[in-house]
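Everything below concerns the one structure shown next.
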Amino acid sequence: MSIKGESNSIGRREFIRKSSLAAISVPVIGNLAFEGANFNEVDQNKAVTPEWRNKQEGMSYRQLGRTGLMVSELVFGSERNIPDNIRPVEIALERGINYFDTAPSYNKGLAEATLAKVFNTPSKREKAFIATKVTSFSPTRNQLYREIFDKLSSSRQDELKKKAMKLRLECGIEKPEYFMVYWPGQQQQMDGVFLSNAMKDEYGDKVERSLELKKAIVSSVEESLKRDGTDYFDVLHCPHAAATPEEISNPIIIETFNELKKQGKVRFLGFSSHHGMADLLKTSMELDNFDVVMLAYNVINHGFLDHLLASAREKGIGLIAMKAAMAVATPYDPAQVPVPEWRVSKLNRIIPEAMKIQVKAFLWALQNQDLSAVNAGMYTEEMVLENLAAVGRKIDLNLA
């Protein structure tokens, strides 16, 4: 299978060859190569050749950081899609959307299977950038620590629980407006993360280099490749839904990714995050392992993140916003996931134009030029067509 852009074509063998050569290449800006240049001293977003796919009139595209991928401003989020209805994916492709985001946990694997029904030939696969995630990484890490925890005395368990709560409070991950509930039971998902972090100093040598973590990554990718019906992913997010720097700092992630990359199964590394995005962005810039970060970013929490997005973009990290709309609207029972009216009023005041609140949220996010795209869940034809109103527009925001 080959991957063909408007100006370049790359198959698995060619991708492997280019990855090997990259280590000895010098940065190229425009048509100029600078011998001995320090890659960190140039604009890493310009030091790559843009790669185009499915370029269509009426769609706007931005470069996804140092990956060079020219992605549609709207990312097709597939969380609720099913194989029995592939028309939303087809319409998105027809209208120029070229980046499709999925995960093994989305709709219990049905989301990946939906993409497989559309991108089922080499020529169709060449039209899209597809990203998936390793949903199992953090749960596997948490389970390994939990197995140790369960064998400890009750007094020691109490000490670790107190330490975990202290870490959780001190990091500020649940500050009002920075933290938002996007789905039922969301806060409970952080319990295991902070318990693991509390145990890391004393028990980390038994967990952080465990082969179980590598197995979790490899098996997740192999299974996703089968479900998606493809032989490679353009972006692999690992972890899926990271909450703390400890998760993304594990060296097994980059080591395993590099092995998968040499095999031609993945191209670029990223992670996604709904919580603790500020600390995660800082750590990702320090590590310099991650090419892409997809993070919760919206009209409510942006004040905590805007300065970091600018710095990350300068470092060449491709940035995709998600949960832009879920800050002001929810597909869940409002009793479980309430959306305060003041949030909706705030966005309506900033963008008074008449349109659906979800579309308005995407339009707001895309005014930030540090972002490459915004992820929009689209599981009906109507949603795809409505959301297209957010692309390619520069508007004046009413910030008074």
Checklist entry - Can you check side chain to side chain contact (heavy atoms under 4.5 Å, CB included) on L144 and L213, steps first, answer last? => result CA-CA 9 Å; L144 290 171; L213 293 175; 4.2 Å; yes
Next on the checklist: L280 vs I248, test: side chain to side chain contact (heavy atoms under 4.5 Å, CB included). Steps then yes/no.
Outcome noted: CA-CA 8 Å; L280 286 162; I248 67 170; 3.8 Å; yes
Item to check | Check against side chain to side chain contact (heavy atoms under 4.5 Å, CB included), M277 and F304 | outcome: CA-CA 9 Å; M277 296 78 65; F304 296 93; over 6 Å; no
Next on the checklist: salt bridge (Lys or Arg N to Asp or Glu O under 4.0 Å) for E202 and R156? Distances and angles first, verdict last.
Outcome noted: CA-CA 12 Å; E202 188 171 350; R156 181 60 181 141; 2.3 Å; yes
Checklist entry - Does the pair F76 and L93 meet the rule for a side chain to side chain contact (heavy atoms under 4.5 Å, CB included), with working shown? => result CA-CA 9 Å; F76 189 102; L93 201 60; over 6 Å; no
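No side-chain donor-acceptor contact under 3.5 Å links T140 and E212. Donor-acceptor pairing under 3.5 Å is recorded for the side chains of N54 and Q56. At a cut-off of 3.5 Å, with distance as the only test, a side-chain donor of Q263 or K265 sits close to an acceptor on the other residue.
With a 6.0 Å cutoff to the six-membered ring centre and a 45° limit on the axis angle, R66 does not count as a cation-pi contact of F268.
We find that E90 and K117 are not joined by a salt bridge, their nearest charged nitrogen and carboxylate oxygen being 4.0 Å or further apart. The pair K162-E159 does not meet the salt-bridge criterion, since no charged nitrogen lies less than 4.0 angstrom from a carboxylate oxygen. Using a 4.0 Å cut-off between a side-chain N of Lys or Arg and a carboxylate O of Asp or Glu, E259 and K262 do not qualify as a salt bridge.
Evaluation of the ring-ring contact (aromatic ring centres under 6.0 Å, His included) rule for F137 yields no partner, not counting sequence neighbours. Residues forming a ring-ring contact (aromatic ring centres under 6.0 Å, His included) with Y332 (at least two apart in sequence, or on another chain): none. By the ring-ring contact (aromatic ring centres under 6.0 Å, His included) test, Y182 pairs with no residue at all, sequence neighbours left out. With sequence neighbours left out, H237 forms a ring-ring contact (aromatic ring centres under 6.0 Å, His included) with no residue at all. A search for side chain to side chain contact (heavy atoms under 4.5 Å, CB included) contacts involving E246 returns R141, N197, K200, T244, not counting sequence neighbours.
Contact annotation: the side chain of K315 approaches that of D288 to within less than 4.5 Å [non-hydrogen atoms, C-beta and beyond]. Looking only at side-chain heavy atoms (C-beta outward), L110 and N81 stay at 4.5 Å or farther from each other. The side-chain heavy atoms of R393 and L366, taken from C-beta on, include no pair separated by under 4.5 Å. For the pair M199 and K163, the minimum side-chain heavy-atom distance is 4.5 Å or more. With a 4.5 Å cut-off on side-chain heavy atoms, R267 and V235 do not count as touching. Residues L363 and M355 have side chains in contact (heavy-atom distance under 4.5 Å, counting atoms from C-beta outward). Side-chain contact between I395 and L397 is present, with heavy atoms from C-beta onward closer than 4.5 Å. With a 4.5 Å cut-off on side-chain heavy atoms, I253 and P239 count as touching.
Atom CZ of R168 has more than 12 heavy atoms from other residues, nucleotides or ligands within 6.0 Å. The neighbour count for K346 NZ, taken as heavy atoms of other residues, nucleotides or ligands under 6.0 Å away, is above 12. The number of heavy-atom neighbours closer than 6.0 Å to CG of D150, taken from other residues, nucleotides and ligands shown, is above 12.
When each of T132, T230, L225 is checked for a side-chain contact (heavy atoms from CB on, under 4.5 Å) with E112, only T132 meets the rule. Tested against H274, the residues Y178, F179, W183 include a single ring pair (Phe, Tyr, Trp, His ring centres under 6.0 Å) partner, W183.
N298 places a side-chain N or O within donor-acceptor distance of the main-chain N or O of N301, the cut-off being under 3.5 Å. Between the side chain of R227 and the main chain of E222, no donor-acceptor pair closer than 3.5 Å is present. Between the side chain of Q189 and the main chain of Q186, no donor-acceptor pair closer than 3.5 Å is present. A donor-acceptor pair under 3.5 Å is formed between the side chain of K360 and the backbone N or O of E353. Here the side chain of Y203 pairs no donor or acceptor atom with the backbone of F149 at under 3.5 angstrom. Without hydrogens or angle criteria, S372 side chain to R62 main chain gives no donor-acceptor distance under 3.5 Å. Side-chain atoms of N368 come within 3.5 Å of backbone N or O of D370 as a donor-acceptor pair. Here the side chain of T67 pairs a donor or acceptor atom with the backbone of L64 at under 3.5 angstrom. A distance-only check finds a donor-acceptor pair linking the side chain of N398 to the backbone of R349 [under 3.5 Å]. The backbone N or O of A128 lies less than 3.5 Å from a partner atom in the side chain of R125, making a donor-acceptor pair.
The two residues P88 and M378 come nearest to each other via the heavy atoms CB-O, 4.1 Å. Residues T114 and N85 approach most closely at CG2-O, 4.4 Å, considering heavy atoms. G68 and V48 make their closest contact through CA-CG2, 3.6 Å (heavy atoms, listed as atom of the first residue, atom of the second, distance). The nearest pair of heavy atoms linking E247 to A241 is OE2-O, 4.4 Å. V339 and A327 get closest at one heavy-atom pair: CG1-O, 3.7 Å. For the residue pair A321 and L371, the shortest heavy atom distance occurs at CB-CD1, 3.9 Å.
In this structure, CE in M285 is found 5.5 Å from CG in L281, a value given to the nearest 0.5 Å.
Criterion: ILVMFWY side-chain heavy atoms under 4.5 Å apart, direct or through other members. Under it, V193 and V181 are not part of a common hydrophobic cluster. M180 and L169 fall into different hydrophobic clusters, where Ile, Leu, Val, Met, Phe, Trp and Tyr side chains are chained together by heavy-atom contacts under 4.5 Å. Both V328 and V337 sit in one connected hydrophobic cluster of ILVMFWY residues. Membership requires side-chain heavy atoms under 4.5 Å apart, directly or through other members. With hydrophobic clusters built from ILVMFWY side chains whose heavy atoms lie under 4.5 angstrom apart, W342 shares a cluster with V344.
Ring geometry for F271 versus F290: interplanar angle over 60°, hence perpendicular rather than tilted (30 to 60°). Note: H240 and Y106 have perpendicular aromatic rings, judged against thresholds of 30 and 60 degrees for the angle between ring planes.
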Ignoring hydrogens and angles, write down the donor-acceptor pairs under 3.5 Å from the side chains of residues 96-104, residues two or more places apart or on other chains.
from : atom 1 : to   : atom 2 : distance (Å)
N98  : OD1    : S72  : N      : 2.8
N98  : OD1    : S72  : OG     : 3.3
N98  : ND2    : R53  : O      : 2.9
N98  : ND2    : M70  : O      : 2.9
D101 : OD1    : K133 : NZ     : 2.9
D101 : OD2    : K133 : NZ     : 2.7
D101 : OD2    : N375 : ND2    : 3.3
T102 : OG1    : S78  : OG     : 3.1

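The aromatic ring centroids of Y297 and W364 lie less than 6.0 Å from each other.
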